[in-house]
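Side-chain atoms are counted along with the backbone in the values below, which use heavy atoms only and exclude waters and symmetry mates.
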Amino acid sequence: MTGVGETLEDRISSLPDELLIKILSCSATKDAYTTCILSKRWLYLWTSIRNFSFANTNYRENFTSFVNYILSRSVSPKIQKFELDYSYCDVESRWQITEWLNFAATRKVEHLLLWSTDLITSPFPLPQSFCECSSLITLAIVVGRFNFDDTVIAWKSLKSLKLGNFIIDDYKIAKILSGCPALEDMELHDLVVLNGPHRLEFMSSKLKTLKLNGQWLINDGSLRCVEIFSPYIQHLEISGGLYDLKCILVDVSAVVTAKLTFNIMCIKDINYDYGLHVDPEEDSCSGYHQFFRSLAHCYLLMFHNVKELTIGTWFTEVLCMLLFKGTVLPEMKCKYLTLELHVKRFNLYGVAGLLRASSHVERLNINIYTEALDIEGRDIDLSTKSLEDTHCHFELSDLVKGDDIDLQNWILFGFPNLKNVKIINFPGERCFKDHFKQGFDKLLKLSEFLLNNATVLEKFVLSKGIMCKICSTNCVSTFLSQLAEKLFCCPRSSTNCVIIY
């Protein structure tokens, strides 16, 4: 309760400067600055903030002058976080980005995020002070092209580095890595690499996490092979739409957690998108698909000893084809298996084949999505893309057959170690009602299959959905409640199994 004549604003104003500065540092920079109009008590507090966040959509035409005004009046000797969106920064004034980065470096910035919504084709230089900023702990640059031919990279304290939509020469990647001796996590996505690369080597024993996301445009725009040599990586993720990028893993022998949720596009569809000739013969892309089937099989062989494994929808389709061709999947030793599945596209036979090879699994998470990302990052319904818009029908009949099989009669095996199953739905920009019939049938078959064959199963959890943004109802919850009702009546091989909804 406030006293007589005392307002809430008065109580906040009575807090110590240090606490008020911490509060302002957690706000957007523009909001922190506007507190100067409250009273004399607040007039200069904003000049001591330690975090700067400049998202130019808030300033548009006055963006450059606003950034300069704020930084010129800053008195804080230390910057914890510096975020800059320079999308609308005038071409003539883009040189000032160099000055802003120099400012951040001289104030010993720890966490820096630099991004733009426009692809930058003309490079601008990075200041040497920034390239030698020993205080940097995390650095993320999304959309950019920088010239650091004549600079020395020495980010001695940098632990996390992310480069996205980045134009770079292949040798500069090696130059960056050599200047980051403490680097632990690295993420590369949607790179435009001007020269190569044919081989990326990550030789630091401290680098433990590597994430490769999205396609890499190489040289003249063609897409080629990238070899990954990383003998000390423990956590590897390959995700996103790779188009036709062939990611060859040469040495990843130390990996304990692998996430393989990437998607490959048929060469026919790629040629069509680029306006090139599309061979009308149904099996003209057979060799292309055979390569990626062999690549997927190699991935399983490499990661058969990992502790945690995550597999995506495209992988289940490839596994279906491998099984139909008589390929024997390696025995997987993972104890924690996650399936990230598009509700309509995942293949039942492919999933069942993976489960048969994963008898050591103790915990199974099934993450269901109503949408997925296309190769350019847009939300699309991949089931529509694969069945209607695609020019590839080479494997379609086998995939349909893989979804129609009777799992219980086709594959006879058990899950001797499986104790927990959890199905989680992640609603997106599409209504679940559009996926209900086929999605329900697939999940019901898979769930019944698990209940019938998991002899030590303890918990089978169905997570409740949240309100759908499209139909404004809890359509996911309706879907899961019907699934739960069916499963409550399903026979269970484990007498201790409890179904939780």
Side-chain angles (χ1 to χ4, degrees), residues 160 183-189 200-213 226-240 242 245-264 292-320 322-323 327-341 346-347 350-367 413-424 446 450 454 456:
S160 176
L183 194 63
E184 298 176 0
D185 305 312
M186 185 167 190
E187 179 176 350
L188 304 172
H189 71 86
L200 287 179
E201 296 187 359
F202 305 90
M203 300 304 298
S204 172
S205 60
K206 293 185 178 181
L207 186 62
K208 300 302 182 184
T209 300
L210 177 63
K211 296 181 180 180
L212 306 174
N213 182 284
V226 174
E227 293 184 348
I228 305 297
F229 186 86
S230 186
Y232 303 106
I233 290 292
Q234 294 183 7
H235 311 286
L236 176 66
E237 174 181 329
I238 306 177
S239 59
L242 299 191
L245 178 65
K246 302 172 181 65
C247 190
I248 312 297
L249 304 179
V250 179
D251 187 351
V252 288
S253 53
V255 170
V256 295
T257 302
K259 183 175 183 179
L260 307 172
T261 57
F262 59 91
N263 179 58
I264 296 297
F292 284 107
R293 286 199 296 266
S294 300
L295 186 64
H297 188 241
C298 286
Y299 283 178
L300 292 183
L301 290 171
M302 286 183 175
F303 299 134
H304 76 280
N305 280 324
V306 299
K307 184 178 181 180
E308 298 184 32
L309 178 65
T310 301
I311 293 294
T313 291
W314 175 83
F315 226 99
T316 67
E317 295 180 336
V318 172
L319 293 179
C320 174
L322 289 173
L323 292 169
T327 303
V328 178
L329 302 185
E331 181 185 5
M332 309 302 293
K333 301 294 181 63
C334 65
K335 293 185 177 182
Y336 309 104
L337 177 63
T338 297
L339 303 176
E340 294 192 357
L341 306 175
F346 77 88
N347 189 272
V351 170
L354 177 64
L355 292 175
R356 178 172 58 182
S358 307
S359 60
H360 298 270
V361 168
E362 298 177 4
R363 186 177 67 204
L364 172 64
N365 290 329
I366 303 176
N367 300 336
F413 63 92
F415 305 100
N417 298 294
L418 184 60
K419 296 179 180 179
N420 293 282
V421 175
K422 188 172 186 179
I423 297 179
I424 308 172
L446 181 57
L450 292 169
V456 295

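Among residues two or more places apart in sequence or in another chain, the salt bridge (Lys or Arg N to Asp or Glu O under 4.0 Å) test is passed with Glu362 by none. In this structure Glu184 satisfies the side chain to side chain contact (heavy atoms under 4.5 Å, CB included) test together with Lys159, sequence neighbours excluded. Taking Arg293 as the reference, Glu395 meet the salt bridge (Lys or Arg N to Asp or Glu O under 4.0 Å) condition, with sequence neighbours excluded.
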Quick one: side chains of residues 328-340, donor-acceptor pairs under 3.5 Å with protein atoms, not counting sequence neighbours, listed by atom name and distance.
residue, atom, partner, partner atom, Å
Glu331, OE2, His360, NE2, 2.9

Compile the donor-acceptor pairs under 3.5 Å between side chains in residues 248-258 and protein atoms, sequence neighbours left out, one pair per line.
residue, atom, partner, partner atom, Å
Asp251, OD1, Ser253, N, 3.2
Asp251, OD1, Ser253, OG, 2.9
Thr257, OG1, His235, ND1, 3.3

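The CD atom of Glu237 sits 8.5 Å away from atom CG of Leu212, with the distance rounded to the nearest 0.5 Å.
Contact annotation: the side chain of Leu245 never approaches that of Phe262 to less than 4.5 Å [non-hydrogen atoms, C-beta and beyond]. Put simply, the side chain of Phe315 does not reach to within 4.5 Å of the side chain of Leu354, judged on heavy atoms. In this structure, Val306 and Leu236 have side chains that are not in contact, with every pair of non-hydrogen atoms separated by 4.5 Å or more. At least one side-chain heavy atom of Leu355 sits less than 4.5 Å from a side-chain heavy atom of Leu364. Side-chain atoms of Asn420 and Lys422, non-hydrogen and from C-beta on, never get closer than 4.5 Å to each other. Looking at heavy atoms from C-beta onward, Leu319 lies in side-chain contact with Leu300 at the 4.5 angstrom threshold. Looking at heavy atoms from C-beta onward, Tyr232 lies out of side-chain contact with Lys206 at the 4.5 angstrom threshold.
Within the structure, no pair that satisfies the side-chain hydrogen bond (donor to acceptor under 3.5 Å, both in side chains) test touches residues 300-312, not counting sequence neighbours.
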Full working for side chain to side chain contact (heavy atoms under 4.5 Å, CB included) between Ile366 and Leu446: CA-CA 10 Å; Ile366 303 176; Leu446 181 57; 3.9 Å; yes
Check against side chain to side chain contact (heavy atoms under 4.5 Å, CB included), Ile233 and Ile228: CA-CA 11 Å; Ile233 290 292; Ile228 305 297; over 6 Å; no
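Residues Thr313 and Leu341 approach most closely at OG1-CA, 3.2 Å, considering heavy atoms.
Residues Asp185 and Ser160 have side chains that never bring a donor and an acceptor to within less than 3.5 angstrom of each other.
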